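Input: a single structure, listed below in structure tokens.
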Amino acid sequence: MRLGEVVVDVAPLRSSRDFRLVFATQAISMVGTHLTSVAASLQIYELTGSSVQVGLMSLVLGMSLLVGLVMGGVLADRVDRRRVVLVTRAVTAVVVTGLAVNAALPNPREWFVFVAAVLAGGTSGLGGPALMAATPALVAPGQLAAAGALTTLTAQLGGMVGPSLAGVIAAGPGLAWCFAIDAAIYVVGLALLAPLPKLAPDGSAEAQHPLKAMAEGLAFLRGNQVVAGLLLIDVCAVVFAMPYALFPELGTEHFGGGPSTVGLLYTAPAVGSFCGALASGWTGRVHHTGRALIGAVAVWGVAITCFGLSPNLWTALAFLALAGLGDTASEILRRALLQHYTPDRLQGRVGSLWLAQATAGPSVGNLEAGLVARALGSSAGAAAVGGLVCLAGVATVALAMPALRRATLHGPPAGQDAELPAGPSRAAD
């Protein structure tokens, strides 16, 4: 296999001006998002001295994001997706500007940070499905995996650069500058996205009641074995084998280190994910996409199991990096298959379910990992058990859903028309 078939495929950037605009916006936005996230956490801790309050703010942000995603999925299938993205990003820019002004006050208001978290989470959730649903209209059908890999690359790069940059800025010019820079990034993003064409969904269901529209998305999910399998197989990974909540105890107690050791544990998966995104050229060329996805999730499960059994820190870090690599391959393939097997008129609603799971799943998984660790009396044991349960779940999904094993990005989705919901659920009010 040639090097050009391994490294990340940049064909969508070469062939689509509109995707280049979206890619550039996402690249800078991911850095800005981490600037605001870290700065808000630091500010709440400075004002309250309580980690519980920091966690409460994260919970408020996550819940508002989840609500926004569910509503945003329906919205993205009813109106012009470009307009939804522009309006929600403009509102978020105003909210982040308010955070900058609040942080610059002699006595910043704690309550305002919580209110801003609700507003920012809700508006980001409303716009997220529209931007995700727009991608298939901006690139060629054969470039969905490459587009997903490039999107993942921006997320991983932002996750590596953003938090460190936020720490430097907060320690220097101050927290207000973190928020101000993110607000400026939103304005730049609006300028980049403004030239996009109208992105109205096919078969817009404006007359359909929102609850009925949401039910239609769920009906499609139940009837399409590939899409349902994509969501279920991810549940196996993020719910049963999510070890992040165990890192503080593992770093300090199991590996006998301190905060720097804990930091290494959190960094290792991101490094593996970044490398996986860089070497993702194969994802758009592999013919048996469904089997490759199943293998990628299995890599995550095996790596997490071996991480829990690792005798020393450096072995553990290597397996966490391998887990990150498998996770990135899984995310790229899942995103591409989801967009390939979902009709355009349902892209927003189905995409919102995927994003909602990506938001809520890790939180549930981290809670589950903590409870198992308490029951077993061992964080390392909990990680190993979680990895094994993940592998069992992956095998079950793969055996129970043969359509997922046969799924491919090459050619039209087999049997899609037969799996669309029929009857009253497709009719407008």
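Just so you know, residue 1 is the first one in the sequence shown, and it goes up from there. Predicted, not measured: the structure shown is a model, and the values here were computed from it.
- The list of salt bridge (Lys or Arg N to Asp or Glu O under 4.0 Å) pairs with a residue in residues 315-331, not counting sequence neighbours, reads Glu331-Arg335.
- Partners of Ala369 by side-chain contact (heavy atoms from CB on, under 4.5 Å), not counting sequence neighbours, listed by chain and number: Leu246.
- Listed by chain and number, the residues in a side-chain contact (heavy atoms from CB on, under 4.5 Å) with Ala137 are Leu199 (sequence neighbours excluded).
- With rounding to the nearest 0.5 Å, the separation of CG in Leu320 from CD1 in Ile304 is 5.5 Å.
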Pair up each side-chain donor or acceptor in residues 383-398 with any protein partner under 3.5 Å, not counting sequence neighbours, and list the distances.
unit_1, atom_1, unit_2, atom_2, d
Thr396, OG1, Ala392, O, 2.9

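- In this structure, the side-chain contact (heavy atoms from CB on, under 4.5 Å) partners of Asn102, at least two apart in sequence or on a different chain, are Gln43, Leu105, Pro108, Arg109, Phe112, Val113.
- Side-chain atoms of Ser379 and Glu249 include a donor-acceptor pair closer than 3.5 Å.
- For the ring pair (Phe, Tyr, Trp, His ring centres under 6.0 Å) condition, the pairs that include at least one residue of residues 356-413, sequence neighbours left out, are His287-His410.
- Applying the side chain to side chain donor-acceptor pair (under 3.5 Å) test to pairs two or more places apart or on separate chains, those with a residue in residues 308-320 are Asn312-Thr315.
- Pairs engaging residues 350-360 under the salt bridge (Lys or Arg N to Asp or Glu O under 4.0 Å) rule: none recorded [sequence neighbours left out].
- In this view, Arg334 and Asp234 satisfy the salt bridge (charged side-chain N to carboxylate O under 4.0 Å, His left out) rule, not counting sequence neighbours.
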Would you be so kind as to tabulate the donor-acceptor pairs closer than 3.5 Å made by side chains of residues 271-278, with sequence neighbours excluded?
unit_1, atom_1, unit_2, atom_2, d
Ser273, OG, Pro269, O, 2.9
Ser273, OG, Gly324, O, 3.1
Ser273, OG, Thr328, OG1, 3.3

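- Among residue pairs with one or both ends in residues 94-105, none qualify as salt bridge (Lys or Arg N to Asp or Glu O under 4.0 Å); sequence neighbours excluded.
- Partners of Thr25 under the side-chain contact (heavy atoms from CB on, under 4.5 Å) rule, at least two apart in sequence or in another chain, are Ser29, Arg89, Leu192, Leu193.
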